[in-house]
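This report refers to the structure that appears directly beneath it.
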Amino acid sequence: MVRKFQVGIRIVMFALFVCQNAGSDSLPKASQWIPQDAVITFEMSKPADLFHLLLGPRIEKAVTTAPEYQALANEQGFKELQGVIRYLETTLSTDWKTAVKTLLGKGGTFSLLPENKILLTTDSEDSKLLSQLHEILYGFAKNEAENQGNYDRVKSKEYKGVTGYTFGQDEAHCIIDNRFMFTNKSNVLKQIIDNRSNSELKSLSTLENYQCAQSTINPEASLKGFLRLDILNQFTGINKVLTKNLNPLAALLLAGLPDSLSVSNWLSAGLHVGEEHLSLLANIDGKLDTSDPLSFIGSNGCAGGVLPIIQVPNQIASFSFYRDLYQFYSAKDDLFPERTSGLIFFENMMGIFFTGRDLTEEVWKEVKPEIRFVVSEQRYDPSIGAPAVQLPSFAVIFKLFNPEKFGLIAEEAWQKAIGLVNFTRGQEALPGLLIDRPVYKDIKMTSTYFSSMEEDDKSKLETRFNFRPTLARIEDNLILSSTDQLAEDIIDSVLVGTVAPLEKIPGTHSLVQINADRLASILTSNRETIVRNDMIEKGKTKEQAEAGQEILHRILSYLNQATLQVGMEDNIAQAALKLSLNLPAVE
Amino acid sequence: MNNETAPVDPQWAWAPYSPSSERPWDLKWAGHLYRRAAFGASWDQLQKALKEGPDQTLAWLLDPNGNRSEFETAFDEYESSAAYSSSTEGLRAWWLRRMLQTPNPLQEKMTLFWHNHFAVNQAKVKSGRLTLQRLRLTRKYAQGNYAKLLEEIVHHPSTLIALNAEKNRKTLPNEHFSRMIMENYCLGPDLCSEEDIRDVARAFTGWFLIRNELRFLEREHDDADKRILGEEGNFNSADVVKLVLRHKAAAWLIVKKLYRNFISEIDNPADSLLEPLVNQFREHYDIKQLVRVMLKSNLFFSDAAYRKCVKCPASFALEIAKGFEANISTTCLGRDLAALGQDLFHPSTIKGWPSGRHWINSATLAGRCNLVHALVTGAGSYENQLSPSSLFSKYNCKTKTEASQLILNIFLQNDLEPSVQKQIFQQNPNLDAQSWLKHYIINVLSLPEFQLA
């Protein structure tokens with residue numbers, strides 16, 4: 001029995017641990033007591049919204065129908081835990097869900113402080129229930145300690161009129177009115193009690209950065225987050241990691257975000273919970289200096305923003321970026337002074353493909369900043385065969401300023417590149433790419449492929465058969481695709497106006513959309529490869545690796561789509577993440 | 001190194017070991033056998049060996065009973081899938097995993113031996129498919145017939161690629177190729193004349209590698225008479241192998257290498273000691289028979305062999321994983337072994353890895369300690385795959401003394417100076433039990449004694 005209550009204590013403490021509070025009727029907001037040096041703080045400001053989703057029947061069904069849960073439910077430890085919960089439910093005359101909703105009903109906070117200190121506060125709707133629960137747990141903790149002959153482990157002490165308790169080691173907690181507070185270091189509790197008794201003392205709420213951050217979060221957010229980047233940047237060297245050693249592609253992809261983070265004092269985030277989605281909006285205060293070579297990205301609201309993403313069949317992910325390659329490449333010497341030799345080599349190679357044209361002025365300047373990528377699952381032609389490892393196809397779509405003129409130049413460069421690939425492979429006695437010029441819906445493409453004619457087993461072709469590199473141009477769109485099939489899908493998409501009207505999304509420089517079902521599908525196609533990789537990469541047994549895949553698939557099955565939008569307003573970065581859920585229906 | 005040792009009576013040396021009161025079959029010799037003939041052992045295996053005695057344990061190592069086909073089929077398939085890539089990282093990881101889990105460890109140990117003897121570098125071969133073919137070839141004949149192994153190896157496409165002999169033209173015989181195979185694979189250095197080298201190259205003319213397939217072009221073969229190793233005739237490449245095998249030096253080369261592998265790396269055995277083995281080996285070139293005699297011998301179970309080899313990095317690391325009865329990330333391990341000087345599929349020279357004392361220098365010793373630390377603490381990709389607590393729980397160790405004794409038994413068969421044992425035990429007294437045990441394990445596995453096989 002004692003063991004059951006031990007488990008129970010841990011469960012309830014854990015339940016209290018994961019939540020926070022925004023303030024009850026009689027107490028000031030928890031942020032007024034939280035020490036100012038809290039590096040990360042989460043505040044659960046609208047617990048009802050979170051409980052509606054997390055404790056709702058659809059999540060419950062999703063969890064309880066999972067085979068992993070069912071396996072867990074058959075374990076002895078889990079059954080003991082259920083016994084403890086039933087005991088608490090009987091003693092407190094309530095069910096566990098109601099108890100959780102009541103105990104966290106007015107919110108809670110969780111803070112991470114320097115030196116691995118944590119602080120948790122919860123505000124209950126029913127202080128009597130909180131006290132009752134605490135008394136039960138305290139009683140059992142004390143009995144257990146005494147049974148082990150450790151009479152001093154569980155104890156209480158008064159400090160400035162507040163009774164603090166500990167169940168062992170340096171853990172400490174107390175209840176003030178309807179607020180429960182827990183910390184892993186007793187001196188944090190003292191600090192809180194000091195803050196409570198003296199409103200003149202500095203707390204999180206008196207921090208100017210905190211106040212600024214709060215103003216950027218929608219008051220309707222269910223969960224709010226606050227990160228002190230000034231502390232993180234100062235002590236953890238994160239800014240060094242963020243800003244140094246980025247290769248040019250990563251720098252281009254991240255579009256000044258590392259620079260912004262490194263000069264930011266804080267990051268705020270607000271989570272909204274809907275019936276079918278979760279959306280997170282994050283802000284920072286770091287403003288990119290106008291002298292920063294990457295500041296062009298944030299200027300002028302990303303010049304109108306990104307284009308809508310392209311939709312194709314079997315789409316796994318689609319990206320739309322605003323990246324001015326001309327300006328970016330012009331600033332390369334400032335951005336990557338240590339990579340000069342590598343860039344010169346790159347420029348020389350590009351010079352070969354582009355017949356000696358100046359890469360900056362005669363190539364990148366021809367490309368508009370609106371760039372899109374598409375990743376899709378491949379459909380394999382049975383007459384050609386399917387590779388053993390099935391990779392998704394991918395394509396980049398550039399928009400050209402002078403499509404008629406530069407389209408031909410790009411095509412010539414493409415064909416030279418294919419020729420070089422073939423020559424290099426030929427040197428190693430490897431099969432080359434056959435070059436074709438098919439016409440699809442009046443669009444002439446340069447398509448290439450490996451012949452599978454001499455392959456014996458067409459069901460397990462080499463990885464190279466994932467690639468049929470293709471170039472096509474439709475209107476001012478220049479498509480570079482890893483397969484002809486995806487190039488055709490993109491042409492269809494452009495022709496039927498899937499992407500029309502091409503109204504830009506203002507203030508956004510990066511837009512990413514991922515479809516969970518397609519992602520799951522490609523993972524299924526490569527399941528055996530991933531399992532094997534997990535075995536040698538992580539040292540798992542086959543069964544463990546397969547179980548890991550099952551869990552990943554289940555998680556993906558509860559997700560419909562993820563959309564990430566990153567932008568800049570007045571050189572300040574913002575990000576919005578939206579997750580569309582696909583929870584099981586409940587009759 | 002290369003100490004001339006006092007003459008040992010060959011009759012006594014190669015006679016089968018029989019436990020006696022002077023040399024009883026105990027944990028020390030069980031551990032010794034598993035270190036040399038396998039990649040270490042678990043505590044269960046050591047206890048079983050103690051119970052069953054040397055003959056039965058060796059019989060099991062030479063001919064493991066039970067159905068292994070399911071394991072072999074599964075791992076053949078894993079290796080095949082990894083061979084699609086021109087990089088050998090995946091193949092290397094699967095081979096290490098195979099070494100760790102195989103029910104036939106001596107076969108993998110011998111495969112590693114031949115991998116080192118017939119050394120070619122994958123960086124030259126550049127084909128995962130050919131590398132896998134070569135690995136399978138050495139595995140197939142690891143304990144089989146040396147004559148067949150030699151014939152297939154010298155004709156394998158990977159050998160020709162690695163030795164720049166993809167085109168053996170009549171007008172331009174490749175003497176570099178013939179010199180390399182005669183001196184490194186077949187007979188040893190300084191045993192062939194320049195005429196031998198030239199005519200062996202002529203015998204190999206006609207062999208062409210066309211799109212990684214070996215083909216014999218009759219028109220490119222030099223069919224004039226040749227003089228090789230004192231014999232004259234219209235020899236082709238297959239004849240060269242037969243001539244080599246008729247030469248006594250061919251057997252001497254292998255017997256000496258296996259002596260270094262199984263008996264001792266530090267002495268220079270007298271010819272009279274090895275002669276009986278050489279004569280026996282020359283009869284049928286039966287590798288398993290030779291290995292059986294060595295592993296069963298009085299000499300093997302004597303101080304002349306005990307801890308007289310330095311563990312190669314692969315054996316060093318796999319013995320740790322084996323002792324903990326754990327699977328580890330072999331992708332990560334492959335990289336770490338490369339940093340310690342043993343990059344599988346990339347032997348450092350055509351002569352293989354120098355091995356012996358060359359495995360140990362100040363950098364690799366520090367590297368070995370770092371690897372032990374990473375494995376035991378779960379740093380990096382190893383995560384917490386080695387779980388000391390599971391091991392202690394399995395063998396019911398409840399105190400620090402019991403747990404530390406188990407570690408000494410598994411990894412050093414408790415053969416450690418009492419003063420050293422005491423010194424290690426007394427280190428880090430202020431740590432909690434779990435941390436103390438981790439430090440203890442790291443200290444034990446970093447000892448010089450654990451670097452020796």
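Every chain is numbered from 1 and lettered A, B, ... according to where its sequence line falls, protein lines coming before strand lines.
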Item to check | Working for side chain to side chain contact (heavy atoms under 4.5 Å, CB included), residues A:Glu462 and B:Arg129 | outcome: CA-CA 11 Å; A:Glu462 289 178 30; B:Arg129 193 174 58 83; 5.9 Å; no
Item to check | Criterion side chain to side chain contact (heavy atoms under 4.5 Å, CB included) against B:Ser81, the qualifying member of A:Arg532, A:Lys460, A:Glu528 | outcome: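 That would be A:Arg532; it is the only one of A:Arg532, A:Lys460, A:Glu528 passing the side chain to side chain contact (heavy atoms under 4.5 Å, CB included) with B:Ser81.
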Checklist entry - So among A:Glu537, A:Lys538, A:Met535, which one has a side chain to side chain contact (heavy atoms under 4.5 Å, CB included) with B:Thr331? => result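 Filter result, single survivor: A:Glu537.
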Next on the checklist: Test: side chain to side chain donor-acceptor pair (under 3.5 Å). Region: residues 314-328 of chain B. Which pairs qualify, not counting sequence neighbours?
Outcome noted: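 Qualifying pairs, neighbours excluded: B:Gln101-B:Asn327, B:Lys109-B:Ser315, B:Lys311-B:Glu319, B:Glu325-B:Lys394, B:Glu325-B:Tyr395.
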Next on the checklist: Report which part of A:Lys540 has an atom under 4.5 Å of a heavy atom belonging to chain B: side chain, backbone, both, or neither.
Outcome noted: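 For A:Lys540, backbone heavy atoms alone lie under 4.5 Å from chain B.
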Next on the checklist: What part of A:Thr541 gets within 4.5 angstrom of chain B, counting heavy atoms only: side chain, backbone, both, or neither?
Outcome noted: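 When you check distances to chain B, atoms from both the backbone and side chain of A:Thr541 fall under 4.5 Å.
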Checklist entry - Does any pair with a residue in residues 89-101 of chain B pass salt bridge (Lys or Arg N to Asp or Glu O under 4.0 Å), and if so which ones, sequence neighbours excluded? => result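 Listed once each, the pairs are B:Glu72-B:Arg98, B:Asp76-B:Arg98, B:Glu79-B:Arg98, B:Glu89-B:Arg92, B:Glu89-B:Arg335, B:Arg92-B:Asp343, B:Arg98-B:Glu108.
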Could you check whether atom [atom1] of [X] has more than 12 heavy atoms from other residues, nucleotides or ligands sitting under 6.0 Å from it?
X	atom1	result
B:Gln434	CD	no
B:His373	NE2	no
B:Asp432	CG	yes

Checklist entry - How long is the span from the CD1 atom in A:Ile536 to the CG atom in B:Leu333, to the nearest 0.5 Å? => result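 Atom-to-atom, A:Ile536:CD1 and B:Leu333:CG are 11.5 Å apart.
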